[in-house]
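A short write-up of the structure that comes next.
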Amino acid sequence: MLLIYHSLVKPFLKKSKSITLHSNVYETVCDIFGDILYITALNVLSTWQYAEKHISECDISLIKNLEEFIFLYKKYYLAVSNLIVIGGFAHINNIVDVPSSIYNLFSDQLPTNKQKYNKKTLEVVVALAFVQPLTRLSSYKCIAQSLIRHKLKRKKHDSKTSIEEKINKVISSFDGLIEEQEKKRKEAEGTKLFWETLGKSLDQYRTPERRLIRDSKSRPLNLVNPGRFSSHWFILFNDLFVHVNGSTANIHPLETLWIEAVPNTDSLQNVIQLTTPEEVICVSTISEQEKTEWIHSLNASIRTALNKESAFKPPSIRTASYTFSSKNIFYKDAKYHGRWLDGKIHGNGKIEWPDGKFYVGQVQLNALCGHGKMEIPGVGLYEGQWKDNLQNGYGVLKYTTGDMYEGYFKDGLPQGHGIKKQGDFTSSTATIYTGEWVNGVRQGYGVMDDIGKGEKYLGNWSDNKKHGCGLIVTLDGIYYEGLFTADVLTGHGVMVFEDGTHYEGEFRSAGIFSGKGVLTFSSGDRVEGSLSGAWTEGVKISNAVMHLNVSNPVLPPNAKPGSFGKLSVAANQKWNALFRQCYQSMGVSEAILTPSGNHLANGSSNVPDNVKIWQNVAVAISSSHKHSKPGKKTSGSDVEKSVDCLEVIPVFGQKTLTLTDFTELKQYLYNACESNHHPLGQLVLSVTNAFNTTYGGVRVHPLLLSHAVKELKSITSRLYQVVTLLFPALPYEGTVVVLPDTSDGSCHENSNPIDGEVVSSNSLLQPVLLPRVHPALFVLYALHNKREDDLYWRRLLKWNRQPDTTLMAFLGIDQKFWTVHRNSPSPMLSPSKEEVFQEAVETLQQLKTTFSPIEKLLVIRSTFQKMTTAVQHELGQHYLWNMDELFPVFHFVVVRARILQLGSEIHFVEDFLEPGTQCGELGLMFTTLKACYFQILQEKMSINT
């Protein structure tokens, strides 16, 4: 080995730079030859040391470093085999001169009739030189066998077992190594001969690692139903199956080849089906035995290519890479890496097209289907749901221009509810549209916030244009409402200014009069006639009559035209796409419900199957969980833990409704609405975001309040219809049921709400909806009631500068509620009463921390209870209020509580309070609070200190 290394290997390495093709193969062989030379030297040394009794058998390098020996020899015989395949020994012979010392070393192994320096003979010498380390494997086996015999003779039984096991392992390892390397060299020799006899027709597929397994010229394999004049040749390599059709070679990687034996029929015998990503090939053999052998060879080669155990059939499901040909239009020249099922891409994978487009996500039976992300150069990045190679379902498309669409798609185009942001937000030239889409255009109800123009449109659309009923509010505080045609306000409409001035009549465009109308000024004066021209440039008035406001010199606050609200989109026509999407995910046809949601439109035969609805809900939750991003999940929260239970069909609320059932139902509903995976949670999130987009932001107008209230009530009603599909035991929309805390669980309609748990659409859904929309909604209330609330706050600040005794005297509170020592020359507040009234004040201040009317009423009731406790502590436990005594004391608490925008809070409660709750104790207490507020507004007297 030393002679070979110094006389042949090293000289070749110095000149090997001239080799350009497969140079790495030559370098690998030479490098490993050097490594084997090194460990061989170590083994010689350790064997000599053992012979001299300096070390034990276990310290012989061959035994001690067996793993390294096996590893290097495996690498070496594979490298030598690769060299054989490409005819490497001939190339080495051409580059270096074989010295006579190497020739003499192997002369006894050469044929006697060969000339000494014949080129072919020298090539054989080079081959023998490089194969020489492999021929020594049998010597290592003999060494190990001799050690065993020597050990047995010495009869050292104390450690016999462990040493013998190690030596036997050496013998068995080299047995396997000898057999394997001979097999690999034989395969390499056969492959080399194949390429040499073939010529250069398939030379491009000749690689060092590729081995011939079998071909149809030597082992017949015929195409089933071939063309009349066609010729077919099949070649099986260790990594490819090649089908040569005439002069065309079709290449099929074994990682993506599936083999199936076709049962024999009268017309088809011994048929094998080969499934590839782009075609199915049926071939036949001349006998059943040949069929079995071909199937075995094909499956064995596929298993090897997949690195699978030889004892198993190649799996139907695999992970592999494949580059499609131009035959497939959608996947033309695309490279796929991912999961496969019986010849079809199926599962998770990545697809890259030559033009730079790529997709990462789910694929089902050769089609993009499920959740995935695709980037298209020059277009943008889409992430969301796919079906049949197109965007279908919810997704987000970020355009390269900076625009973004987030919403639902159908067949590659926006359809359903979606949000599109366009333009440059940093330069205030952007627009945001939230609403319905059909076939990629704005169609149906939607809200457009045009930041550049400084206006917001709420109304119907057709073919990307404002069309139908709608309204516009501008940054200048102008309100327009009317009928739009192709983006232009035309025909009858209304216009309202911040100061109360308003117009109702004919328009040619927003702010441009054209026809008969009535212009009413903030003073109450009005002009009725024909108006034309732009409001900002001067209005021409003809055939007009001037009506002076002499009867009422002050125009009522928030005055509106007579047609206000009649020309805008009805509340129940807004955001229908979101509700349709929820119904679809639950497997329910929206058409079976009447507008009230109480009865079925087509009779009892169309009653939705409650079990199927719940099954669809479970599927929707599971699918959403599967496709959600890991980073979005907050595993530590109680809500996320309870989400796992949402897929289970509950037993409560299905046929009967008790107080216990209703408590569990409310908890389920809370968890569902907090979850982005549940259809209800997705609906609540989407519809409240749409509401906040509509009525929040910079362009808000107090006149939008009435629209917002109607819209929120409609959302509550329609959402309740969805909930009743899940829980049929709930009462019909519009009815109120009270569940008493009784063991029989009986319920009574229209009972006093204080006597039990109120069950209605408002009581169930207001706690879910109102906290989510409260900030945007309350801004509208604050703007609408600004004049009154400002006056209320100025008087409140003035009165709160006074001490308690002065304020109580001013408010007319009987002294028995605020003095202790009646004979004292200076009445003073009792310390105990001051503390108790302070508790009532602090309780009332909690009004600002609640979001639903019933919660606010309960705060008011708690305030009255604190006041009653204070009075009964001083005047006896059986003392009862009368209104003449109660009102001034409560008035005092209201003043001291300093509740900001109390008028807006009262207005909010009035709008959303259950009708049945307005009667009884809670209603009376709320009326008392309203009376205090109006008393503060109307109070003309000042406090004399």
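No experiment lies behind these values; they were computed from the predicted model shown. The residues of the chain are indexed from 1 along the displayed sequence.
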Would you sort out whether R896 and D804 count as a salt bridge (Lys or Arg N to Asp or Glu O under 4.0 Å), showing the intermediate values? CA-CA 9 Å; R896 285 295 190 237; D804 286 342; 2.7 Å; yes
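- Annotation: K930, atom NZ; neighbour count of heavy atoms from other residues, nucleotides and ligands within 6.0 Å is above 12.
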Please report the C-alpha distance between Y933 and Y792 in whole Å, then the side-chain angles of each, then the deciding distance to 0.1 Å, and finally whether the ring pair (Phe, Tyr, Trp, His ring centres under 6.0 Å) criterion is met. CA-CA 8 Å; Y933 177 74; Y792 150 81; 5.2 Å; yes
Would S523 and D525 count as a side-chain hydrogen bond (donor to acceptor under 3.5 Å, both in side chains) if you check the C-alpha gap in whole Å, the side-chain angles of each, and the deciding distance to 0.1 Å? CA-CA 6 Å; S523 60; D525 302 333; 3.2 Å; yes
CA sep, side-chain torsions, deciding dist, call: H707, E481, side chain to side chain contact (heavy atoms under 4.5 Å, CB included): CA-CA 12 Å; H707 298 285; E481 180 183 339; 4.3 Å; yes
Test ring pair (Phe, Tyr, Trp, His ring centres under 6.0 Å) on H774 and Y781 and set out the steps. CA-CA 10 Å; H774 188 269; Y781 276 105; 8.6 Å; no
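- Residues satisfying the ring pair (Phe, Tyr, Trp, His ring centres under 6.0 Å) criterion with Y695, sequence neighbours excluded, are F691.
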Report the C-alpha separation of S852 and E855 in whole Å, then their side-chain angles, then the decisive distance to 0.1 Å, and conclude whether the side-chain hydrogen bond (donor to acceptor under 3.5 Å, both in side chains) test is met. CA-CA 5 Å; S852 67; E855 290 175 328; 3.1 Å; yes
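- Counting only distance, with no hydrogens or angles, the side chain of E733 and the backbone of S761 share no donor-acceptor pair below 3.5 Å.
- Side-chain contact check for E504 and H492: at least one donor-acceptor pair (N or O, by modelled atom type) lies under 3.5 Å.
- Taking both residues in full, the closest heavy atoms of F778 and S904 are given as CZ-CB, 3.6 Å, listed atom of the first, atom of the second, then distance.
- Atom NZ of K713 has more than 12 heavy atoms from other residues, nucleotides or ligands within 6.0 Å.
- For T843 (side chain) and E839 (main-chain N/O), a donor-acceptor pair under 3.5 Å exists by modelled atom type.
- Here R772 pairs with E674 in a salt bridge; the nearest charged N to carboxylate O distance falls below 4.0 Å.
- D450 contributes no side-chain N or O that, together with a main-chain N or O of E455, makes up a donor-acceptor pair within less than 3.5 Å.
- Shortest non-hydrogen contact noted between Q766 and P771 is O-CD, 3.6 Å.
- Ring planes of F890 and F864: parallel class, angle under 30° (limits at 30 and 60°).
- Side-chain contact, T501 with D499: a donor N or O sits under 3.5 Å from an acceptor N or O.
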Between Y433 and R442, is the side chain to side chain contact (heavy atoms under 4.5 Å, CB included) condition met? List the steps. CA-CA 9 Å; Y433 173 81; R442 293 185 283 269; 3.2 Å; yes
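- The shortest distance between side-chain heavy atoms of F908 and D911 does not fall below 4.5 Å.
- Residue M495 comes nearest to G511 through the heavy atom pair SD-CA, 4.4 Å, listed as atom of the first residue, atom of the second, then distance.
- When atom types are taken as modelled, the side chain of D487 and the backbone of K466 share a donor-acceptor pair closer than 3.5 angstrom.
- When atom types are taken as modelled, the side chain of Q682 and the backbone of N676 share a donor-acceptor pair closer than 3.5 angstrom.
- Side-chain contact between N460 and F484: absent, with no pair of heavy atoms (C-beta onward) separated by less than 4.5 Å.
- A 4.5 Å side-chain heavy-atom check between V684 and L765 finds every atom pair outside the cut-off.
- Between the CD1 atom in I451 and the NZ atom in K453 there is a gap of 13.5 Å [rounded to 0.5 Å].
- Atom-to-atom distance recorded for I432:CD1 and M404:CE is 9.0 Å, nearest 0.5 angstrom.
- With a 4.5 Å cut-off on side-chain heavy atoms, L902 and L847 count as touching.
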Please assess K848 against E905 for the test salt bridge (Lys or Arg N to Asp or Glu O under 4.0 Å), listing each intermediate value before the final yes or no. CA-CA 8 Å; K848 298 293 290 185; E905 296 283 358; 3.0 Å; yes
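- The only member of L531, I512, V527 that meets side chain to side chain contact (heavy atoms under 4.5 Å, CB included) when paired with V539 is L531.
- At distances below 3.5 Å, at least one donor-acceptor pair connects side-chain atoms of T688 with backbone N or O atoms of L685.
- The distance from atom OG of S568 to atom NZ of K574, rounded to the nearest 0.5 Å, is 6.0 Å.
- Side chain of K456 to main chain of D449: no donor-acceptor pair is present (N/O by atom type, distance under 3.5 Å, no hydrogens or angles).
- Inter-residue side-chain proximity for W793 and L797 is flagged as met; some heavy-atom pair is nearer than 4.5 Å.
- The aromatic rings of H417 and W575 lie perpendicular to each other, with more than 60° between the two planes, well past the 30° mark.
- For N800 (side chain) and V895 (main-chain N/O), a donor-acceptor pair under 3.5 Å exists by modelled atom type.
- Side-chain contact, T474 with D476: no donor N or O sits under 3.5 Å from an acceptor N or O.
- With rounding to the nearest 0.5 angstrom, the CG atom of L471 is 12.5 Å from the OH atom of Y480.
- Of the candidates W535, F497, F513, Y503 forms a ring pair (Phe, Tyr, Trp, His ring centres under 6.0 Å) with just one, namely F513.
- T849 is not listed as a side-chain neighbour of V859, based on a closest heavy-atom distance of 4.5 Å or more.
- At a threshold of 4.5 Å between non-hydrogen side-chain atoms, the residues F934 and I906 do not count as touching.
- One distance of note links CD1 of I419 with CD of E406; it measures 5.5 Å at 0.5 Å rounding.
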Check the pair Y720 / N762 against side chain to side chain contact (heavy atoms under 4.5 Å, CB included), numbers first and verdict last. CA-CA 9 Å; Y720 187 73; N762 288 336; over 6 Å; no
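- Checked options V758, V723, V759; the residue passing with L764 is V723 (criterion: side chain to side chain contact (heavy atoms under 4.5 Å, CB included)).
- At least one donor-acceptor pair under 3.5 Å links the side chain of S760 to the backbone N or O of S763.
- Summarising the geometry of Y457 relative to H467, their closest heavy-atom pair is OH-N, 4.1 Å, with the distance given to 0.1 Å.
- One N or O on the side chain of Q845 and one on the backbone of A897 form a donor-acceptor pair closer than 3.5 Å.
- Using a 4.5 Å heavy-atom cutoff, the side chains of V894 and L929 are in contact.
- Across every non-hydrogen atom of S714 and A571, the tightest pair is OG-O, 3.5 Å.
- The two residues R795 and I936 have their closest heavy-atom pair at NH1-O, 2.9 Å.
- Taking OG of S542 as the start and NZ of K516 as the end, the distance is 10.5 Å to the nearest 0.5 Å.
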Does the pair L483 and F507 meet the rule for a side chain to side chain contact (heavy atoms under 4.5 Å, CB included), with working shown? CA-CA 9 Å; L483 294 173; F507 284 92; over 6 Å; no
